Amino acid sequence: MSRTLALRGGTIIDSTGTRRSDVVVGPDGTVLAVGPGLDADDSLDASGCVVAPGFVDLHVHLREPGREEAEMIESGARGAALGGFTAVLAMPNTTPTVDCAPMVTEVLELGRNTACDVRTSGAITVGRKGKALAPMAEMVRAGVRLFTDDGSGVQDDRLMRTALEYAGSLSHLTGGRPIVLAQHCEVEALSEGGLMHEGRVSSSLGIPGQPAEAEELMVMRDIAMSRLTGGRIHFQHLSTAGSVAMVRAAKAAGLPVTAEATTHHFTLVDGCCASFDPVFKVHPPLRPDADVQAIKQGLADGTIDAIATDHAPHTSHDKDRTFADAPPGMLGLETAFALANTELDLPIEDILALMSWRPAAIAGLDPTHGGPIVVGGAANIVVLDPEMEWVVSGEAMASRSVNTPYEGRKVKGKVRHTILRGQPVVVDGDAQR
Amino acid sequence: MTNDTKHLLSIADLDRDAIEQILNLTESFAEVGERPIPKVPALRGKTIAWLFYEDSTRTRLSFETAAKRLSADTMNFSVSSSSVSKGESLRDTVATIEAMGIDGVVVRHKDAGAPHRISEWVDASVINAGDGWNQHPTQTLLDLHTARTHLGDLDGRRVALVGDIKHSRVARSNVHGFTQMGAEVTLVAPRTLLPADLDDWPVEVTHDLDSVIEESDICYLLRMQLERQEQSYVPTLREFHNEWGLDSRRASKLPPHALIMHPGPMNRGVEIDGSVADLPNAVMAEQVTSGVAVRMAVLFLLLGSGLDLVDEKVAAA
């Protein structure tokens with residue numbers, strides 16, 4: 001365990017720029033040396049590869065506690081490492097809900113010594129029921145920096161205002177870093193019963209739809225709430241052109257808002273649902289191509305700050321049902337980089353920013369994650385082969401579930417090695433933990 | 001439908017030739033129904049399972065009668081929706097049925113796409129007997145058969161499809177079926193009862209029933225689910241009846257040859273006046289009769305030995 005490790009022959013890309021250089025990391029979890037021709041006790045080949053700060057996923061469902069048959073923190077963390085993530089932020093919609101300090105501590109404890117730095121969000125409201133504020137201060141003291149009722153949005157306007165004002169009163173507990181309220185934007189009065197995007201495809205299939213406006217009305221409200229309270233809001237899984245336009249305008253107006261988009265919302269369309277296969281059922285739903293293009297534009301112009309996965313494992317037992325009967329959600333951790341690399345017409349520097357240092361900053365994890373690769377910096381690093389082609393297979397994934405919507409899809413870009421706290425957790429595409 | 005067609009999931013799977021083929025075969029099987037012993041051995045030794053996740057007395061009886069007239073064996077897997085809501089997955093249920101050895105499964109389900117999913121999991125032929133708001137292909141075939149019997153060729157005929165289009169599998173099927181056969185379909189409903197986006201639909205749309213009634217060859221009324229009032233799709237059923245129901249005043253404006261059709265069960269006094277439902281040109285009973293012959297044709301084509309043997313078998317029987 002006390003051995004040093006050299007990553008040799010790669011090109012470093014981080015938030016400070018690009019350079020051909022070797023990297024040596026140490027057992028203390030830091031970068032020991034950066035430069036040409038370095039050697040160490042052990043070495044990994046990085047020739048032809050990009051060496052970058054590890055990815056940070058702002059949005060994963062690890063299902064533990066409560067639904068361990070679908071995923072466990074350990075298996076989810078392994079999948080994350082295989083996907084190049086050195087940190088993931090678990091959503092609080094477990095059973096029971098992560099809405100108090102003991103639950104936060106339990107999740108963090110289960111994540112210790114896994115293949116990834118597992119952090120957790122906390123619920124905004126008790127039981128995610130949208131009725132009463134959860135004890136945010138005790139959860140902040142236990143390590144939470146981002147709160148969300150993900151799975152549903154906070155419907156009550158007054159409660160959302162209160163949550164923003166209260167969260168804004170807790171930054172003395174975090175050394176001045178803002179507490180973030182993240183919103184799953186969905187007005188339930190309008191979305192209720194809707195299983196996919198309401199439009200041409202849903203009308204033809206006879207699958208009940210939910211309109212884009214169900215998301216957009218809550219984006220609009222929360223922008224107003226941010227203006228009212230000065231509160232820090234992060235928009236989760238934006239999926240519509242209207243949402244992107246509103247967030248762009250809010251940022252231009254100087255409001256403290258950020259946003260993420262999932263890989264599936266820029267790679268899949270509502271037409272996928274014509275198969276009636278609930279592997280394509282997800283909330284917010286897959287949208288038409290015009291929305292997909294708007295998401296890509298938002299990622300390109302900085303309106304959307306981060307690519308998240310919304311990794312949502314479900315057992316085959318739960319997905320081998322009708323579209324209506326099956327739960328929403330799809331796997332994402334092991335395909336995110338490849339899909340971004342394949343489908344986004346962006347320089348790799350921009351993709352790395354969207355997957356590493358910008359989400360790290362939103363989660364309050366920088367510079368431990370996402371920070372520049374410099375001597376003394378944290379050794380949380382991913383080594384990527386951007387040219388390698390491979391075919392997606394759910395069975396081959398580390399997840400306990402197989403519900404990938406990309407089965408059989410050929411993609412380009414593979415995670416070769418992942419280094420967590422100076423230790424190799426993925427070597428040549430194989431998990432070490 | 002050809003020899004290699006295995007399932008009937010959607011009317012959109014059928015082109016005009018295929019539909020005509022089924023309707024022509026339906027004529028032959030209708031004749032079987034008029035015999036003293038209305039039974040042929042065409043599907044002897046074949047087993048058909050009924051997988052009805054949603055109550056449907058008339059469709060099920062119609063399929064059962066059709067199967068019996070073809071001498072098929074049948075198995076019943078009626079499942080009440082409450083008992084499956086948290087129980088085994090659809091795939092597990094279907095695997096159980098298939099393990100018993102079946103040649104065909106006739107599926108009715110409250111969810112769109114259930115038969116499509118099942119067709120991915122079984123070797124047997126899957127026949128859609130109505131899935132959610134999506135499709136009800138044998139209903140469409142029996143409607144086309146009934147319409148052709150009275151009106152002949154449907155090319156250029158005008159069909160007013162009236163009422164709750166949004167929640168109707170019959171509407172989605174019939175729009176395809178009637179336009180495929182050359183008819184022109186107009187949807188008649190308030191915006192609240194229309195699908196959100198009709199750009200892909202080969203139809204005209206109006207909110208005004210009176211504006212199309214005089215030019216309609218078929219006035220096809222859809223069943224209005226009584227809970228739509230509670231869900232505020234319409235303020236009251238009375239108002240719906242006044243604006244979009246076929247009352248005797250409107251019925252009197254139909255051309256003399258025009259047909260009044262309804263998939264059943266009817267809500268007299270809501271989408272149709274009781275007196276109108278009993279008019280001579282209201283052909284609901286014929287629709288039901290056609291249903292048996294149409295379903296015989298479908299079962300025979302999918303489960304029987306193939307199209308080229310049709311004439312021979314029916315003749316021999």
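Just so we're on the same page: letters track the sequence lines, and every chain starts at 1. From a predicted model like this one, the values you see are computed outputs, not experimental measurements. For the numbers below, each heavy atom of this structure counts, side chains included, while hydrogens, waters and symmetry mates do not.
Looking at A:Ser275, the atoms closer than 4.5 Å to chain B (heavy atoms on both sides) all sit in the backbone: N, CA, C or O. Of the two parts of A:Pro211, neither the backbone nor the side chain holds a non-hydrogen atom closer than 4.5 Å to a non-hydrogen atom of chain B. For chain A, the nearby part of B:Glu120 is the side chain; its heavy atoms alone come within less than 4.5 Å.
Taking the side chain as every heavy atom from C-beta outward, B:Asp200 and A:Ser204 never approach each other to under 4.5 Å. You'll find the side chain of B:Arg172 stays beyond 4.5 Å of the side chain of A:Leu205, heavy atoms only.
Closest approach of A:Gly206 to B:Ala112, counting heavy atoms only: O-CB, 3.8 Å. Nearest heavy atom pair, residue B:Leu90 against residue A:Arg321, reads CB-CA, 4.2 Å.
Among the candidates B:Gly113, B:Ser89, B:Ala12, the residue making the largest number of heavy-atom pairs closer than 4.5 Å to chain A is B:Ser89. No other option in A:Ile207, A:Asp318, A:Asp277 has as many heavy-atom pairs under 4.5 Å with chain B as A:Asp277.
Side-chain contact, B:Asp111 with A:Thr322: a donor N or O sits under 3.5 Å from an acceptor N or O.
Applying the 6.0 Å contact sphere to NE2 of B:His176 captures no more than 12 heavy atoms from other residues, nucleotides or ligands. Around atom CD of A:Glu407, more than 12 heavy atoms belonging to other residues, nucleotides or ligands sit under 6.0 Å away. More than 12 heavy atoms of other residues, nucleotides or ligands lie within 6.0 Å of CD in B:Gln180, so this atom counts as buried by the packing criterion. Within a 6.0 Å sphere centred on CG of B:Asp123, heavy atoms belonging to other residues, nucleotides or ligands number 12 at most. Annotation for A:Glu68: atom CD counts as buried by contact number, over 12 foreign heavy atoms lying within 6.0 Å.
Note that the CZ atom of B:Arg91 and the NZ atom of A:Lys319 stand 14.5 Å from one another [nearest 0.5 Å]. Note: B:Asp197 CG to A:Glu198 CD = 9.0 Å, rounded to the nearest 0.5 Å. Interatomic distance, NE2 of B:His116 versus CZ of A:Phe276, reported as 4.5 Å (0.5 Å rounding).
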